[in-house]
Student: 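Have a look at this one.
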Number of protein chains: 2
Amino acid sequence: MIKQRADMVETTTRGETLLFLTDEQLRKGIEAMFFAYRGFTADPDRILADLSYGRAHHRALHFINRNQGTTVNNLLKLLGVTKQSLNRVLRSLIEDGLVESRVGLKDKRERHLYLTEKGAELERQLSEAQRARMRAAYRAAGPQAVAGFRQVLEAMMDDKIRAQYLSLMDANS
Amino acid sequence: MIKQRADMVETTTRGETLLFLTDEQLRKGIEAMFFAYRGFTADPDRILADLSYGRAHHRALHFINRNQGTTVNNLLKLLGVTKQSLNRVLRSLIEDGLVESRVGLKDKRERHLYLTEKGAELERQLSEAQRARMRAAYRAAGPQAVAGFRQVLEAMMDDKIRAQYLSLMDANS
DNA sequence: TTGGAAAGTCAACAAGGCTGACATAAAATG
DNA sequence: CATTTTATGTCAGCCTTGTTGACTTTCCAA
């Protein structure tokens, strides 16, 4: 039997576990998500502010690092913004020498994106700050909680996004 | 012994459970958080777009509903924005008859905020959309996962925010 | 060879953050 | 009572990051 949040759990006569989800309990989850996301972005935001970059730059650096050589179109799908919006961010990163854009070998229309050493350095700084908080939260909550955390987050994604997320997961590890 | 994400879990000779958190595993959590938050806001965003309101209006409606009669200052602390930013949103909500601002009885400097019937109606529509997704995610993941989800989110908040969050939880329920 | 995809650019706009400055009313304090 | 502090509102101006629409260049593929 589950100890935590036992108020949500009921076991039927057939031994099935059901969830009794009141609007109140759902609201707690909604608010937890809101406040936690603020914490989640707080540390990188502080670093970015000093460099006159924003969250959009962080996201671009993150996914380029994670998927070196990705195309602009690919990045567009991951980030879920318009190409004009991404282009503005990408242009400043390229101008500042953090990102390199190489014309595709097979398809010369495509641009493949890579982090420069300078770009990789900033990405490391940003993601290390974010990982530190995530690590602390994971340690505080414990392995069982972490598994649940990931399960609920996955279930909360849009179907198409979840498919992308899962294929990303497969690709790297 | 925990089945899910068993790769993160190790048991010592003294029976303690430890977490082995690789950067890779932390990154998965970070990306899950990013993609899940998109899903989390997607449904209300669609409703708001038709009304030429934004996420900021939703947040204001949510916390006014949750805490009827709250003061502007109170709301400011919860939302973590400047009064100028909140004021712009609040003004439009008041002009459109969704929110009512009453001068404080005890302290006449304070404005106490209430949802009108119209405001409550929109809030219900927005939060029902958001709850529906949360409910589906909770059901899909199961009660144990939900408990873990909440634990990790709480651990991820800034200390001050967590205190606010927890006192909100106590107050209502 | 022609259609369409990929990429980039320009312009214009909006939401929603921010800072700074200032006004007003009322409470709190000496 | 005089002064200071607090709560709120408002004006102006700025930035980031999202949007749409129109248009160009390149170049793959049917």
Side-chain angles (χ1 to χ4, degrees), chain A residues 34 37-38 41-42 44-64 69-96 99-114, chain B residues 34 37-38 41-42 44-64 69-96 99-114:
Chain A
F34 170 63
Y37 199 79
R38 285 241 297 269
T41 56
D45 281 357
R46 267 188 287 273
I47 296 169
L48 290 158
D50 296 337
L51 304 170
S52 72
Y53 286 140
R55 223 174 268 179
H57 298 86
H58 181 194
R59 291 197 283 259
L61 289 175
H62 175 97
F63 283 109
I64 294 170
T70 187
T71 63
V72 172
N73 228 15
N74 221 312
L75 206 50
L76 240 34
K77 281 176 208 154
L78 280 175
L79 295 173
V81 297
T82 58
K83 64 174 178 173
Q84 292 92 330
S85 196
L86 175 58
N87 195 256
R88 182 169 35 202
V89 166
L90 233 34
R91 204 187 319 158
S92 74
L93 291 174
I94 292 169
E95 275 171 10
D96 297 351
V99 167
E100 197 190 337
S101 170
R102 298 187 204 152
V103 173
L105 293 180
K106 224 182 77 182
D107 184 337
K108 292 176 190 166
R109 291 168 303 179
E110 293 180 339
R111 301 302 140 94
H112 296 266
L113 302 168
Y114 299 86
Chain B
F34 169 63
Y37 199 78
R38 285 240 299 267
T41 57
D45 281 356
R46 268 188 287 272
I47 296 169
L48 290 158
D50 296 338
L51 303 169
S52 70
Y53 286 141
R55 222 173 269 179
H57 298 85
H58 181 194
R59 292 196 284 259
L61 289 174
H62 175 97
F63 283 109
I64 294 170
T70 188
T71 63
V72 173
N73 229 9
N74 221 312
L75 205 51
L76 240 34
K77 281 174 207 154
L78 279 175
L79 295 174
V81 298
T82 59
K83 65 172 178 174
Q84 292 92 329
S85 196
L86 175 58
N87 195 255
R88 183 170 31 201
V89 166
L90 231 36
R91 204 188 317 162
S92 74
L93 290 174
I94 291 168
E95 276 171 10
D96 297 352
V99 167
E100 197 188 338
S101 167
R102 297 185 205 153
V103 173
L105 294 180
K106 225 182 76 182
D107 185 336
K108 291 177 191 165
R109 290 171 304 179
E110 293 180 338
R111 303 301 142 91
H112 296 267
L113 302 168
Y114 298 86

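These values consider heavy atoms only, across backbone and side chains, with no hydrogens, waters or symmetry-generated copies. Small disclaimer: the values here were computed from a predicted structure and weren't measured.
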Student: Between C:dG16 and B:H57, is there an OP1 or OP2 to side-chain N/O distance shorter than 4.0 Å?
Tutor: yes
Student: Let me spell it out: for each of A:N73 and B:K108, pick the nucleotide of DNA chain C with the closest heavy atom. Which residue's pick is nearer the 5' end?
Tutor: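 Nearest nucleotide further toward 5': that of A:N73.
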Student: Whole Å only: how far is the CD atom of B:E110 from the P atom of C:dA26?
Tutor: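 Roughly 13 Å, once rounded to whole Å.
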Student: For the pair made of CZ in A:R91 and P in D:dT17, what is the distance, rounded to whole Å?
Tutor: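 Nearest whole value for this atom pair: 14 Å.
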Student: Check this one for me: any side-chain N or O of A:T82 less than 4.0 Å away from OP1 or OP2 of D:dG18?
Tutor: no
Student: CG of B:L105 versus P of C:dA25: gap in Å, rounded?
Tutor: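 Nearest whole value for this atom pair: 19 Å.
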Student: Can you check the A:L86 CG to C:dT9 C1' distance for me, whole Å?
Tutor: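 About 14 Å, once rounded to whole Å.
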Student: Closer than 4.0 Å, any side-chain N/O of A:N87 to the OP1 or OP2 of C:dT9?
Tutor: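 Yes, because at least one side-chain N or O of A:N87 sits under 4.0 Å from OP1 or OP2 of C:dT9.
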Student: Is the phosphate of C:dG17, meaning OP1 or OP2, less than 4.0 Å from a side-chain N or O of A:R38?
Tutor: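 So the side-chain polar atoms of A:R38 never come under 4.0 Å of the phosphate oxygens OP1 or OP2 of C:dG17.
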Student: Please report, rounded to the nearest Å, how far the P atom of C:dA6 is from the NZ atom of A:K106.
Tutor: 13 Å
Student: Name the closest nucleotide to the A:Q84 side chain, picking from D:dT20, C:dC22, C:dC18.
Tutor: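 Between D:dT20, C:dC22, C:dC18, the one nearest the side chain of A:Q84 would be D:dT20.
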Student: In whole Å, I'd like the distance from the CG atom of B:L75 to the P atom of D:dA7.
Tutor: 15 Å
Student: Could you tell me whether the phosphate oxygens of C:dG16, OP1 or OP2, come under 4.0 Å of any side-chain nitrogen or oxygen in A:R55?
Tutor: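 A:R55 to C:dG16 OP1/OP2: no side-chain N or O under 4.0 Å.
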Student: Nearest whole angstrom, please: distance from the P of C:dA14 to the OH of B:Y53.
Tutor: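 Roughly 17 Å, once rounded to whole Å.
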Student: Please report the distance, rounded to the nearest Å, between CG in A:L48 and P in C:dC18.
Tutor: 16 Å
Student: Can you spot which of B:I47, B:D96, B:V89 makes a side chain to side chain contact (heavy atoms under 4.5 Å, CB included) with B:Y53?
Tutor: B:D96
Student: Using heavy-atom distances to pick each residue's nearest nucleotide on DNA chain D, tell me which of A:V103 and A:S85 is more 5'.
Tutor: A:S85
